[in-house]
Amino acid sequence: MNVRMRIAPSPTGYLHVGNARAALFNWLYARHTGGTFILRIDDTDLARSEPEYEDDVLVGLRWLGLDWDEGVEAGGPHGTYRQSDRLDRYREVAERLLATGAAYLCFCTPEELDERRKKAQAQGRPPGYDGRCRLLDPVEAGRRAAEGEPAVIRLAVARPGMTTFVDVVRDEVSFDHEAVDDFVLVRSDGSPTYHLASTVDDVDYEITHVARGEDLLSSTPKHILIARAMGASVPTYAHLPLLFGPDGRKLSKRHGDVSLKAYREGGYLPEAMFNYMSLLGWSFEAETTVFTKEQAIERFDLAAVSKNAAVFDPEKLEWMNGVYIRGLDPIEFIDRAIPFVEDELGRELSGVEREQLSALGPLVQERVKLLTEVPGMMSFVFATALTYDERSWRKVMEIDTTPGTLDAALDRLAIVGDWKAAAIERELRAMLDELGLSARKGLQPIRVAATGSTVSPPLFETLEVLGREVTLDRLRSARARL
RNA sequence: GGCCCCGUCGUCCAGCGGCCUAGGACGCCGGCCUUUCAAGCCGGUAACGCGGGUUCGAAUCCCGUCGGGGCUACCA
């Protein structure tokens, strides 16, 4: 059987990391099985759907490296893969279910339903719809609807009854139909509900495996019932553990950054994001946490997905991002970092500046966890008038050996023959000997003078990149400021 | 309230009846290295929610209990 899986986000907001994780698991399994991965846009909620969000979904998935074989922008045998283009189809299915008696018209008003629900809940009964309109004569009901009386279409759920299915991650799950009410398929304005649209699409697109968040577990009997009523086969379901925020609740906006976009712009590498997210509810192997996309595809299995919810841990993600940054080819690192530097600078870098950046690149690369940290770590190179970090200045410039150190450094650096890190180091170490200073004490003033901070890339290389003129200039300025 | 799901270090995972005096990773703490900061290396901290069974033997199976979560819409 050819595996066909889909991810069906609603473009009502930026791509959520929970959805991105679900997309990732679907993609991994599709790739693992040599199946087909499909991107469908569930935009039945016309009021809240925005093109900007749809765009963000596409950009986000591509950024993560999740390519789709069918769907929006990729095409395929099923049209546009957008629910808003299939309204007629949902209507058609609903009419047929109505005709076969699998569904019925309901004229209860929202107010009545609300009232009855409250009462049921107060009495400890299942709060769902009580099925009252099911008793109506279909012909009579049809006439009322034709006359314009507002009506919804509900599925006639078998009662008594029970729906049982085997969930790939949770094994067998059953729902007594006591708790599955005759839910709405089509609203009184003629629009399909999520349950109808999503299930019809899954059937029409011949989806074989539905892997989605556990929040949809209790809706699954509804989807199975619709598929069966359509005379279609039921896909295999896999309900993925939910992603929690640090407070142990479903990850949502109030937890801060829940959009993938925030991570894309926050200096994270897609490889790291991919790796980290794949660990939320799954493990590559007991002792291994860092692995490639290919390795993940090779080993991924829905049946091995964990049942318990996972807390999204930003600290571990950041650590992992550092691992991936350090693993980057130096050229690649600079290429990826440059946009962040230019963004911070508000202008493009010149050729010379790019070279300086490249020279310092490998030294900075192993010191950052996020690409967004690069500008802060390199900006001193481009500064025309250096600003000193106040704490750094107080800590090392206001001690009594500093003036002498700077004077000595100035003298020695002026005569360094070949302005290279090795020569600079030789000269400065000789200076330390002469002054009887430890490297720790003697080099810090030079660092602060040259970079403005006690924290910087290694000093000798840094001075080499700055060049003799700029270095001497900065030492003089600092000396004058003492 | 009803239904459903879940319960191993603070967090993410490993464990699927004996290999467990419970393993890895993040974090945290300490040390080494060191021109700062990182990185790296070494070491440490820390968990089977609880109570009953089943079994020669239970983190692993069963029941209960407690706890957490999800759903409960003419949202998705």
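Numbered from 1 within each chain, the chains take letters A, B, ... in sequence-line order.
Heavy atoms of A:R429 sit under 4.0 angstrom from at least one base atom. Within the nucleic acid shown, A:L217 comes within 4.0 Å of sugar-phosphate atoms alone, with no base atom in reach, counting heavy atoms only. Using a 4.0 Å heavy-atom distance criterion, A:F460 is classed as a base contact. Heavy atoms of A:E315 sit under 4.0 angstrom from primed sugar atoms or phosphate atoms, though from no base atom. Across all strands shown, A:H195 has heavy atoms under 4.0 Å from base atoms, whether or not it also approaches the sugar-phosphate. A:P241 comes within contact range of no nucleotide atom at all, as no heavy-atom separation falls under 4.0 Å. Among the protein residues, A:V173 comes within range of the sugar-phosphate backbone only, with heavy atoms under 4.0 Å from sugar or phosphate atoms but none that close to a base. If you check every strand for non-hydrogen atoms under 4.0 Å, A:I446 touches nothing. Nucleic acid contact class of A:T44 (heavy atoms, under 4.0 Å, all strands): sugar-phosphate only. Using a 4.0 Å heavy-atom criterion, one finds that A:G128 contacts no nucleic acid atom at all. Contacts of A:T12 with the nucleic acid, taken as non-hydrogen atoms under 4.0 Å apart, are absent. In this structure, A:S188 reaches the bases: a heavy-atom distance under 4.0 Å links it to at least one base atom across the strands shown.
Counting to the nearest Å, the P atom of B:U34 and the CD atom of A:E425 are 13 Å from each other. Per the geometry, CG belonging to A:D202 stands 15 Å off P belonging to B:A76, to the nearest Å. To the nearest angstrom, P of B:U36 lies 11 Å from CG of A:L459. The interatomic distance linking A:L240 (CG) with B:C5 (P) rounds to 16 Å, in whole Å. Going from atom NZ of A:K250 over to atom P of B:A76 covers 14 Å, rounded to whole Å. Rounded to whole Å, atom P of B:A76 lies 12 Å from atom CG of A:L185. To the nearest angstrom, P of B:C71 lies 13 Å from CZ of A:R212. When the P atom of B:A73 is taken as reference, atom CG of A:L196 falls 18 Å away, rounded to whole Å.
Comparing the same atom, P, in B:A58 and in B:G18 gives a spacing of 12 Å after rounding to whole Å. If you take atom P in B:A39 and the same atom in B:G27, they sit 8 Å apart, rounded to whole Å. Distance noted for atom C1' between B:U36 and B:C20: 44 Å (whole Å). Across B:U72 and B:C29, the matching P atoms stand 43 Å from one another, rounded to whole Å. Of the C1' atoms belonging to B:A38 and B:A59, the separation is 39 Å, rounded to the nearest Å. Atom P of B:U21 sits at a distance of 46 Å from the matching atom of B:U35, rounded to the whole Å. Across the P atoms, B:C26 and B:G7 are found 25 Å apart, a figure rounded to whole Å. For the C1' atom pair drawn from B:C74 and B:U60, the interatomic distance equals 47 Å after rounding to whole Å.
Within a heavy-atom distance below 4.0 Å of RNA chain B, the residues of residues 147-161 of chain A found are A:V152, A:R154.
Under the 4.0 Å criterion applied to side-chain N and carboxylate O atoms, A:D42 and A:R6 are not assigned as salt-bridge partners. The existence of a salt bridge linking A:R144 and A:E147 is excluded, since no basic side-chain nitrogen approaches an acidic carboxylate oxygen closer than 4.0 Å. A salt bridge links A:R336 to A:E271: at least one charged side-chain nitrogen sits closer than 4.0 Å to a carboxylate oxygen. In this structure, A:D247 does not pair ionically with A:R249, as no charged nitrogen and carboxylate oxygen lie closer than 4.0 Å. Salt bridge absent: A:D88 and A:R91 never bring a charged side-chain N and a carboxylate O closer than 4.0 Å. Look at A:R429 and A:D433 and you find no salt bridge, because none of the NZ, NE, NH1 or NH2 atoms lies under 4.0 Å from a carboxylate O.
For an aromatic pair to be called close, the ring centres must be under 6.0 Å apart, and A:Y276 with A:F312 satisfies this. Taking the six-membered ring where the residue is Trp, the centroids of A:H223 and A:Y194 are separated by under 6.0 Å.
Distance from the side chain of A:K316 is smallest for B:C12 among the nucleotides B:C12, B:U36, B:U72. Closest approach to the A:L279 side chain among B:U36, B:C12, B:C3 is made by B:C12 (side chain taken as heavy atoms from C-beta onward). The side chain of A:S283 lies closest to B:A14 when the candidates are B:A25, B:G1, B:A14. The side chain of A:K307 sits closest to B:C6 out of B:G40, B:C6, B:A38. Checking B:A76, B:C5, B:U36 against the side-chain heavy atoms of A:Q444 singles out B:U36 as nearest. The A:N308 side chain lies nearest to B:G7 when the options are B:U72, B:G7, B:A73. Distance from the side chain of A:V455 is smallest to B:C37 among B:U72, B:C3, B:C37. If you check B:C37, B:A14, B:U35 against the side chain of A:E461, the one that comes closest is B:U35. In the set B:G70, B:U36, B:A76, the nucleotide with an atom closest to the side chain of A:S218 is B:G70.
Between A:L196 and A:Y90, the closest heavy-atom pair is CD1-O, 3.7 Å.
Ranked by how close their nearest RNA chain B nucleotide is to the 5' end, A:L317 and A:S219 are led by A:L317. Position along RNA chain B of the nearest nucleotide to A:R447 versus A:R326 favours A:R447 as the more 5'-ward residue.
For residues 163-174 of chain A, every residue pair satisfying the salt bridge (Lys or Arg N to Asp or Glu O under 4.0 Å) rule, not counting sequence neighbours, is listed here: A:R170-A:E214, A:D171-A:K307.
No donor-acceptor contact under 3.5 Å links the side chain of A:R440 to the base of B:U35. Side-chain to base pairing of A:T193 with B:C74: no donor and acceptor N or O lie closer than 3.5 Å to each other. For B:C5, the base has no donor-acceptor partner in the side chain of A:R170 [N/O atoms by modelled type, under 3.5 angstrom].
Put simply, the side chain of A:I7 does not reach to within 4.5 Å of the side chain of A:F25, judged on heavy atoms.
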